[in-house]
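What you see is a predicted model, and the numbers here were worked out from it, not measured in a lab.
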Amino acid sequence: MSTHVMIDVEALGTNNDSQLLSIGACEFNGKGDVLRTFYRVIDIEENTHVNATPSTIVFWVDQGPGLLELLNDKGGKPEYEVLYDLAAWLAERREGLELWANGTKFDISALESLYKAHGCPVPWKYNADRCMRTLRRFAGNLDIDFNGRPHHALDDAVWQAKYVAAACEKLGLDL
C-alpha cells in the first residue's frame, strides 16, 4: 500500500541551492483527504550565506507581507533541525512512500541537496518522486477550491494534494 505525501517549499530563489524559508507537507489519500500535516519555518538568521535570485525577491515583494512574515517568524528553527523533523515525520510512513511535488525539479531536488549538504541521508527512496505538473498536463484545469494563503507551504501542499487526487480520479488512475 502506498503512502502519498505532497511537499511544497517556499524559497528565496529558483535554483535548487536557494535558501528555503519554509517546508509544508501533507499525507493524503486517493479521495484527497488530508490525513496529517507537517509545517516548519526555517530561521535563516544563523546562515552566513543566503542564496537567492533577484526575480524571486521581486516576486516576494509583490506578494505583500508574506516574505516579511516568514523572515520575522520567531518560531523558525535552524535548517538542520527542520530537515531532521521532516525526516522523522516521513519515517512514520516510509514504506511505499510516494513523494509528490508540483514538479520534481525544484522542491524535491532542493531538499535532497540540503540533506546531502548536511551529511544526512535523504529520507525517501531515489524513485519515490511523483510529479503533479504531469498530471495537470493530462487532466487539464480542475476547479479545486484553495483554502488558506497562496505561497504558504502547507496551504499550497494541501491544495496540490487535493488536485492530484481529483486529477487521478478524472483520468481513471488509482492512487
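- Distance alone, capped at 3.5 Å, places no donor-acceptor pair between the Asn102 side chain and the Met132 backbone.
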- Item | Val9/Phe106 under side chain to side chain contact (heavy atoms under 4.5 Å, CB included): CA gap, chis, key distance, verdict | CA-CA 9 Å; Val9 302; Phe106 183 70; 3.6 Å; yes

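- Contact between Leu97 and Pro123 at its shortest, heavy atoms only, is CD2-O, 4.3 Å.
- Interatomic distance, Tyr39 OH to Asp8 CG, rounded to the nearest 0.5 Å: 10.0 Å.
- Leu12 and Val41 fall within the same hydrophobic cluster, defined by Ile, Leu, Val, Met, Phe, Trp and Tyr side-chain heavy atoms under 4.5 Å apart, directly or through other members.
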- Tell me, with the steps shown, if Ser2 and Leu175 meet side chain to side chain contact (heavy atoms under 4.5 Å, CB included). CA-CA 8 Å; Ser2 295; Leu175 272 182; over 6 Å; no

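- Remark: the backbone N or O of Asp17 is not paired with any side-chain donor or acceptor of Asn15 at under 3.5 angstrom.
- Taking CG of Asp145 as the start and CG of Asp143 as the end, the distance is 6.0 Å to the nearest 0.5 Å.
- Listed here is the closest heavy atom pair of Gly13 and Thr53: CA-OG1, 3.1 Å.
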- Item | Intermediate values then yes/no, side chain to side chain contact (heavy atoms under 4.5 Å, CB included), Arg40 and Leu86 | CA-CA 9 Å; Arg40 297 289 187 282; Leu86 178 61; over 6 Å; no

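- Both Phe59 and Ile57 sit in one connected hydrophobic cluster of ILVMFWY residues. Membership requires side-chain heavy atoms under 4.5 Å apart, directly or through other members.
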- Pair Trp89-Val5, side chain to side chain contact (heavy atoms under 4.5 Å, CB included): steps then yes or no: CA-CA 11 Å; Trp89 187 83; Val5 171; 3.8 Å; yes

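- Under a hydrophobic clustering in which Ile, Leu, Val, Met, Phe, Trp and Tyr are joined whenever their side-chain heavy atoms come within less than 4.5 Å, directly or via other members, Val158 and Leu142 fall into different clusters.
- Hydrophobic clustering keeps Tyr163 apart from Leu99 (ILVMFWY residues linked when any side-chain heavy atoms are closer than 4.5 Å, directly or through intermediates).
- Proximity of the aromatic rings of His118 and Tyr84 is defined here by a centroid distance below 6.0 angstrom, and this criterion is not met.
- Around NZ of Lys170, the count of heavy atoms belonging to other residues, nucleotides or ligands within 6.0 Å exceeds 12.
- Side-chain contact check for Cys131 versus Leu135: every heavy-atom pair is 4.5 Å or farther apart.
- Atom CG of residue Asp155 and atom CD of residue Glu10 lie 9.5 Å apart, to the nearest 0.5 angstrom.
- The two residues Gln19 and Ile42 come nearest to each other via the heavy atoms NE2-CG2, 4.0 Å.
- Looking only at side-chain heavy atoms (C-beta outward), Trp100 and His4 come within less than 4.5 Å of each other.
- Contact between Ala165 and Asn29 at its shortest, heavy atoms only, is CB-O, 4.0 Å.
- Around CD of Glu98, the count of heavy atoms belonging to other residues, nucleotides or ligands within 6.0 Å exceeds 12.
- In this structure, Ala166 and Ile144 approach most closely via the heavy-atom pair CB-CD1, 3.6 Å.
- Atom CG of Leu21 is separated from atom NE2 of His152 by 11.5 Å, given to the nearest 0.5 angstrom.
- The aromatic rings of Trp159 and Phe146 sit tilted, their planes meeting at an angle between 30° and 60°.
- Residues Phe138 and Val164 are members of one and the same hydrophobic cluster, defined by side-chain heavy-atom contacts under 4.5 angstrom among Ile, Leu, Val, Met, Phe, Trp and Tyr.
- Looking at Thr37 and Cys26, their side chains come closer than 4.5 Å, going by heavy atoms from C-beta outward.
- By the 6.0 Å contact criterion, CG on Asn127 is enclosed, its count of non-hydrogen atoms from other residues, nucleotides or ligands being greater than 12.
- Around the OH atom of Tyr115, the shell of radius 6.0 Å holds more than 12 heavy atoms that belong to other residues, nucleotides or ligands.
- Taking CG from Leu90 and CG from Asp85, the interatomic distance works out to 11.0 Å, rounded to the nearest 0.5 Å.
- Proximity of Met6 to Lys162: side-chain heavy atoms (C-beta onward) are nowhere separated by under 4.5 Å.
- Here the CG-CG distance, from Leu20 to Leu111, works out to 6.0 Å after rounding to the nearest 0.5 Å.
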